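Read the structure below first, then the notes.
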Amino acid sequence: MPLGKLDSKSVEEKWAKVWREEGAHAFDAGSGKLFYVIDTPPPFPTGEFHMGGVLNWCYIDFVARYKRLRGFEVLFPQGWDCHGFPTEVKVEEKYGRLPRNEFVEKCVEWTRDVISTMRPQMNQMGFSIDWAREYYTIAPEYHEAVQYSLLKMFDEGLVYRGNHVVLWCPKCESAIAKAETDEFHRETVLNYVWFGKDKELLVATTRPEMLHACVGVFVHPSDERFKDFIGKEVEVPLLKKKVRIMSDAAVDKEFGTGAVMVCTFGDSQDVLWAHRHSLPVIDAFNERGELINAGNYSGLSVKEAREKIVVDLKADGRLEKRESLQQMVKVHDRCKSPVELMRSSQWFVKTKEFKQEILEAAASIKWTPEHMFQKFRDWTENLEWDWCISRQRMFGIPLPFWYCGECGKVYAAREKDLPVNPAIDEPPVKECACGGKLVGETSICDGWIDSSITPLIVAGWPHDFDERLYPGALRSQGTDIIRTWAFYTIFRCMKLAGEVPFKEVLVNGMVCGEDGKKMSKSLNNYVEAKDVLEKVGVDALRQWAALAGSTGKDNQFRWKDVNYAQSFIRKLWNASRFVEKASEGYSPGDEEYRVVDRWLESRLNQTIERVSKAMESNDFYAALTELHSFFWHDYCDNYLEDVKYRVYGGDAQDRKGAQATLVKALKAVLEMVSPFAPFTASEVYSKLFGGRIMEWPENGFVDDKALLLGKALHDALSLVRQQKADKNLALNAPLDEVSVELPMDLVDEFADVSDDLKAVSKAETITVNAGQSAEVKVIIR
RNA sequence: GGACCCGGAGUCGGUUGGUAAGAUGCUUCCUUUACACGGAAGAGACACGGAGUUCGAUUCUCCGCGGGUCCACCA
């Protein structure tokens, strides 16, 4: 069956089926080849595969397919990071509030449905995933592995329960993660309040209702106005208590009066100061947002208290002035009510004391692009607290711990009982050593606890740990989750396996819309993969990932890139049709090669070398543009025209030389383009040459003389065309004579290509003269 | 506010210490047995501003301006 007309859809369907049936992407641990293990991101199941995912997975697939052609046994696994708040929201929207177990079941059901819509999209994109290696964080084995990892870290003293500050929604009465907050800009009032018995110090605050929790006043260390205040005590208005005046460089001298009261809660800067200066902690309100420890004001809501206190301050003559102020407050994304900081008992993993160790480990990994390591370093060096790993939610992996209701002693689950759910399961011992009753932890793990052991999971840890698969070769991920996924994975895997989890990190940038801003639904610059696939083929979309920019840069989505990629596919297809026809009846042997053939092959070999080098350094942009340029310009524009006269006429040996060269170069191009455009490449290859693309081409000779002569020939041809165009002649219009003027040293050798010039320019005769300049000149008649 | 990335033809953009690929758009020509979703030819930028290093910078350093990403966010 000849190639016929290009029909991307049927080509795509055909090859997706072939690969599935042949198990083309299955990892075979017994193949005897060198392993190449990729730690791929487990996406959160949202329903649609967006362009960010397309970019990330295309990168992974470029590498995976390239490495296979290079003879590696590639493991391309796929996981799903299932637990998470968005699913809880979706399920609650659909079913309302349900009992815990039932609710979690619905979450699992919803997740499975969503995954089953996403998996086909990934197959459609041609990602060469070994689905036999699929994993889910909701699976009991995964729960077991995560809980086991926490037991191990607990044994080493890395996990502890402590009283700490968390983001809290008073309306929902729940701790929330920072990622669950929205920004809300509003106008508020900045109150200038006199501190001290005799109005000694003027402090500006937007939260006068927090006075009762005030534990200090801060000024900037170099602020002359307050030089004499530092270290002294001052009385808090309305309340009888005194607090110390201290200095901290984080104070903004320009804001308000330059003096700021610190309330241990109120905002995160307060919390940070309290922590940094070891200030006492006063709980300011309860779970419902009512003031506590506030004397007469206790029991009032934040809003009521604020109004009342302002009135009282005024009555007391303590309120100097009030001015309006634009501020941003964090609100809970679900209920839109302002979020408070509250102290509560949570679980933590020690990270702060391992900064140096983590940095050294991360530095031993190769980062592409290199500056992404800088991001990692900045984050790590600036860590202020340990990692809070507990969440008061339902859909997640339970923390495998109990604690004594009396003395607080922690009891970890027994390994043999895993996975456990302390909310309902029996504790490992009847009662605490102190005789107290054990309380099962009802909190679940932060999702990053789940996903930060993927390199271990891929290697079968803990029960079927295959050390040949760990550490892996490559981690691929987005720049936005360096400080989370990369950070936590490197840290946790180091602690659990004693070795960095991968040798190389490949970071892709963010996908931006055509307006240059990060793609998001709210900005209305959002494009989904399926929108693109309605217009062009998968191979075009895949090429966009390489063409959108160099590795690690933010990538703008542009229809023109996609369209260009599509026209390349069309070009590849049509040129292949030509080669198919031109090489009909060709059998190897007796080829007579001309200089143009050596020229093309030299260019091919240069291209192979350059593309290989680019692929080795994950520079997909360079690899693909190099290929495009060779194929489109050297192969199609020039060489195909050069040899038409030989394949249509010419003597048998001469024809064979052209045919052999056409075929050899096309074959190599198909091999090199197959990581980017596997569907088209596979179809053409199998039709023309039979079988599958199995190897990467080897580069051979580069004949400098042929390169020079080829260039002279094409320069001359270009001039001929130019002059034909000037004379409004068709390109195939016959000419009486083409007279060429060449640099001295080329004159003799030009005889090797003058027949080509004659045939391609359709000239009756060619005359060659030596010129003075290095340029080729042409006159046609 | 901090860190990082970026700032070049109308638009987008790779590389490079020695005056700048390619794509797209534009102009003109060509139905030539792979391709008109094509082919050929052509016009178009002296590389954000300033200072410095250098024989020489678009490429290196610093400052400023502008854009992006991540983080922080003002009591």
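All chains are named by letter (A, B, ...) in the order of the sequence lines, taking the proteins before the strands, and each is independently numbered beginning at 1. Bear in mind that the values here come from a model prediction, so they are computed numbers and not experimental data.
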Test side chain to side chain contact (heavy atoms under 4.5 Å, CB included) on A:R577 and A:K581; report intermediate values, then the result.
CA-CA 6 Å; A:R577 286 174 68 189; A:K581 227 174 95 188; over 6 Å; no
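Residue A:K553 places at least one side-chain N or O under 4.0 Å from the OP1 or OP2 atom of B:G14. Distances shorter than 4.0 Å separate some side-chain N or O of A:W632 from OP1 or OP2 on B:G39. For B:C4, the OP1/OP2 oxygens have no side-chain nitrogen or oxygen of A:T479 closer than 4.0 Å. A close approach under 4.0 Å does not occur between any side-chain nitrogen or oxygen of A:Q722 and OP1 or OP2 of B:A40. Phosphate contact (OP1/OP2 of B:C70, side-chain N/O of A:K518, threshold under 4.0 Å): present. In this model, the phosphate group of B:C35 is not approached by any side-chain N or O of A:K571 to a distance below 4.0 Å at OP1 or OP2.
Pairing of B:U59, defined by two Watson-Crick or G-U wobble distances under 3.5 Å, is not identified with any nucleotide. Pairing partner, B:U69: B:A3, with both Watson-Crick or wobble hydrogen-bond distances short of 3.5 Å. The base-pairing partner of B:A40, taking Watson-Crick or G-U wobble contacts with both distances under 3.5 Å, is B:U28. Searching all strands for a Watson-Crick or G-U wobble partner of B:U54 with both distances below 3.5 Å returns nothing.
In this structure, the side chain of A:Q566 engages the main chain of A:G537 through a donor-acceptor pair within 3.5 Å. Using modelled atom types, no side-chain atom of A:Y564 and backbone atom of A:W559 make a donor-acceptor pair closer than 3.5 Å. Under a 3.5 Å cut-off, the side chain of A:N191 and the backbone N or O of A:T205 do form a donor-acceptor pair.
Nucleotides B:G68 and B:U31 place their C1' atoms 47 Å apart, quoted to the nearest Å. B:U58 and B:A45 are spaced 11 Å apart, taking the C1' atom of each and rounding to whole Å. Nucleotides B:U28 and B:C65 place their P atoms 46 Å apart, quoted to the nearest Å.
The residue from A:Y621, A:F620, A:W544 that alone fulfils the ring-ring contact (aromatic ring centres under 6.0 Å, His included) condition with A:Y59 is A:F620.
When heavy atoms are screened at a 4.0 angstrom cut-off, A:S629 is found touching no nucleic acid atom at all.
Nearer the 5' end of RNA chain B, as judged by each residue's closest nucleotide, is the contact made by A:R558, out of A:R558 and A:S576.
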